[in-house]
Amino acid sequence: MKSHEVIRMACEQKGAKWVSSQLGVSQALLYKWMQPDEDLGSGARNPLDRLELLLKITQDRRILDWLCVQSNGYFIENPEHTPAGDDLHPAMSLILQEFADMLTSLAKAGEDQQITEAESKQLRQQWDKMKSVCEGFVRACEQGNYDHVRKKILETDFSHLAKAS
């Protein structure tokens, strides 16, 4: 989906007049943002295109992380595309084991009826890593590439994340 289409659809429910007034920009500018780049003429790049350019220039994921946190979420990077393999069972077993290990870390962190800031950070890192691994597994299911997921899990070092105090 193109950025201008996202902006157009996002403004449909509230209306362009209301959205533009809330943003403090003219309706004309908002409508320019809703048009494909080639139709702009004026070169008014929309905020999503500018954000994309900023990410490409800086190559700093903290921008995405910040944006996701502002939206009450977290950014999880998609795994790279790989050729198909067919080793489903070992990949499933490894994912389940890593998930069990993460739950064990959670239980250990809460044994004293409190979770410290350091434990919270560690749990967040471990959870984010698990979400990424699970996303990789789901994509492998879509592509029929289970052997790659198994290898990727085996290569992933979770040990530093599993030492809850």
Side-chain angles (χ1 to χ4, degrees), residues 1-14 19 33-34 36-37 45-165:
M1 183 176 300
K2 303 279 186 178
S3 62
H4 67 277
E5 295 170 323
V6 172
I7 293 173
R8 181 180 40 78
M9 289 187 295
C11 293
E12 283 176 356
Q13 184 179 9
K14 301 281 186 173
V19 172
W33 292 346
M34 293 181 199
D37 283 343
R45 183 173 273 164
N46 73 51
L48 295 180
D49 287 338
R50 288 178 184 210
L51 184 56
E52 179 185 30
L53 183 59
L54 180 62
L55 289 167
K56 285 179 182 176
I57 290 169
T58 64
Q59 296 183 354
D60 193 331
R61 213 185 93 178
R62 289 178 292 189
I63 297 166
L64 285 175
D65 292 334
W66 180 86
L67 188 59
C68 290
V69 168
Q70 299 311 303
S71 300
N72 201 27
Y74 293 92
F75 176 72
I76 301 296
E77 193 168 3
N78 287 333
E80 56 198 61
H81 178 73
T82 55
D86 61 358
D87 209 355
L88 174 61
H89 186 33
M92 284 176 47
S93 295
L94 286 167
I95 284 194
L96 291 172
Q97 184 59 54
E98 291 300 338
F99 191 70
D101 291 346
M102 196 225 39
L103 292 175
T104 300
S105 295
L106 177 63
K108 285 181 182 177
E111 281 177 349
D112 59 358
Q113 298 299 313
Q114 65 179 2
I115 297 179
T116 66
E117 185 177 338
E119 289 170 328
S120 292
K121 286 180 181 179
Q122 173 194 341
L123 289 169
R124 169 56 60 199
Q125 288 176 336
Q126 194 170 5
W127 179 240
D128 286 348
K129 179 69 83 173
M130 275 306 308
K131 288 190 287 186
S132 183
V133 168
C134 289
E135 174 62 22
F137 179 75
V138 170
R139 284 182 167 244
C141 290
E142 294 168 343
Q143 299 166 3
N145 183 8
Y146 315 108
D147 190 50
H148 174 72
V149 172
R150 182 184 61 77
K151 289 175 186 172
K152 201 71 163 153
I153 293 169
L154 289 172
E155 292 170 3
T156 303
D157 180 17
F158 288 96
S159 61
H160 71 286
L161 299 174
K163 51 183 172 184
S165 26

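Sequence positions, counted from 1, serve as the residue numbers for this chain. Just so it is clear, the values below take in all heavy atoms, side chains as well, and ignore hydrogens, waters and symmetry mates. Remember, it's a predicted structure, so these values are computed and weren't measured experimentally.
- Considering CG of Leu53 and CG of Leu48, their distance stands at 12.5 Å, rounded to 0.5 Å.
- Atom NZ of Lys2 has 12 or fewer heavy atoms from other residues, nucleotides or ligands within 6.0 Å.
- The line from CE of Met130 to CD of Gln125 is 15.0 Å long, rounded to the nearest 0.5 Å.
- When all heavy atoms of Leu123 and Ala109 are compared, the closest pair comes out as CD1-CB, 4.0 Å.
- In this structure the side chain of Arg8 reaches within 4.5 angstrom of the side chain of Glu12, judged on heavy atoms.
- In this structure the side chain of Leu106 never reaches within 4.5 angstrom of the side chain of Met102, judged on heavy atoms.
- Considering SG of Cys68 and CD1 of Ile63, their distance stands at 12.0 Å, rounded to 0.5 Å.
- Atoms CZ and CG, from Arg50 and Leu55 in turn, are 14.5 Å apart once rounded to the nearest 0.5 Å.
- For the side-chain hydrogen bond (donor to acceptor under 3.5 Å, both in side chains) test, residues two or more places apart in sequence or in another chain that qualify with Arg124 are Tyr74, Asp128.
- If you take CZ on Phe99 and CD on Gln126, they are separated by 10.5 Å, rounding to the nearest 0.5 Å.
- A 6.0 Å sphere centred on CD of Glu117 holds no more than 12 heavy atoms belonging to other residues, nucleotides or ligands.
- Under the rule for a side-chain hydrogen bond (donor to acceptor under 3.5 Å, both in side chains), the partners of Asp49 that lie at least two apart in sequence or sit in another chain are Ser3, Asn46.
- In this structure, the separation between CD on Gln122 and OG1 on Thr116 is 8.5 Å, given to the nearest 0.5 Å.
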